Amino acid sequence: MKKANQVKDNPFPYSHTNKRYYTIDHYFQNKYHAKTAKVPLHAGFTCPNRDGTKGIGGCAFCSELGSGDTILAFHDTLQQQYELGLARMRSKWPDCIAIAYFQSFTNTYAPLDTLKKLYDPFFERSDVAGICIATRADCLDDEMITYFAEKAQHKEVWIELGLQSIHDHTMDRLNRGHSSQIVFDVIEKLKPTPVKTCVHLINSLPGETEEMMLETAQKMAEIHPDAIKIHMLHVIQNSALGRLYNSHPFPLMSEKEYVDLVVKQLELLPQDMIIERLTGDALKEELMAPAWTLKKTIVLNDIDKRMVELDTYQGKYYKA
């Protein structure tokens, strides 16, 4: 793995900035030598825990738009969504290259023939550097894995899996609709292929202690997906969790508690695991709590400052 020049006094090897963890920007800079941006897309899917196959209502924390709240032109064709999203990205970064990011709901929840008709045009586009697919582990069968593995020989492919927590009793209450072991099994199936994996984690889920959240991070170190995303829980209006919070408010982590926890989680993770995000997105008008999550730059800066204060870095306490 290529190590870019380190910032002076930064002990973390995979960094070209002050970050003491392996950012997705660092990965893309080494791979493409250019700014790389994800263009979020809505492909019209639902989820098996929404349509009655495994449940209704979806995951309790998920928004009505299936976590695709930042997608432009939600109801336009995929090609129109991509063109509009790419134009927005290039208004910020004129020379950026793009990853097509199928973000909302479960993007493999259809027969393989349907998926091929959806994804093949994007695999064929010269202005798409790679494809990222958010889905559920219980909606990714062996035939689909074979298809994406073949495509990944020619263009970068990422599969994002929503785990959130390894504690099944937590996720049963939140209506995830499958076990954590299914996620672990799918990651193992994908490891021999060129497809890359990213796992989503959420901190401060109702009933979870700091110890439980650290156990989730420790398990990620053990199963070793290529990347993870860590989010603070967003309590969203018009979600099952939002309705619960409105009637029976439950405790949420403060910004300081979150920062301290994330630093501890990073210390447990292997240094070559990409950290795609340490904050999440929620629309201001939809967010019920906690309000501090809207200040993403402050949160990220506080994580950086805390790591410097402690003279720590990703992987400091990782044990293979």
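As the structure is a prediction and not an experimental result, all values here were calculated from the model.
- Using a 4.0 Å cut-off between charged side-chain N and carboxylate O, Arg90 and Asp95 make no salt bridge.
- Around NE2 of His248, the count of heavy atoms belonging to other residues, nucleotides or ligands within 6.0 Å does not exceed 12.
- Considering OG1 of Thr135 and CG of Leu140, their distance stands at 6.0 Å, rounded to 0.5 Å.
- Aromatic rings of Tyr101 and Trp158 (six-membered ring for Trp) have centroids beyond the 6.0 Å cut-off, not under it.
- Under the 4.0 Å criterion applied to side-chain N and carboxylate O atoms, Asp260 and Lys256 are assigned as salt-bridge partners.
- Residues Gln265 and Asn203 have side chains that bring a donor and an acceptor to within less than 3.5 angstrom of each other.
- No close placement of the Tyr147 and Tyr119 rings is indicated, their centers lying 6.0 Å or farther apart.
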May I have the step-by-step check of ring-ring contact (aromatic ring centres under 6.0 Å, His included) for Phe12 and Tyr21, ending in yes or no? CA-CA 7 Å; Phe12 187 69; Tyr21 55 91; 7.8 Å; no
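- Note: Tyr14 and Tyr22 meet the aromatic proximity criterion, with ring centroids under 6.0 Å apart.
- Under a 4.0 Å N-O distance rule, the pair Asp311/Arg20 qualifies as a salt bridge.
- Looking only at side-chain heavy atoms (C-beta outward), Ile236 and Leu287 come within less than 4.5 Å of each other.
- When the shell of 6.0 Å around CG of Leu310 is examined, it contains more than 12 heavy atoms from other residues, nucleotides or ligands.
- For His42 and Asp76, the side-chain atoms include no donor-acceptor pair closer than 3.5 Å.
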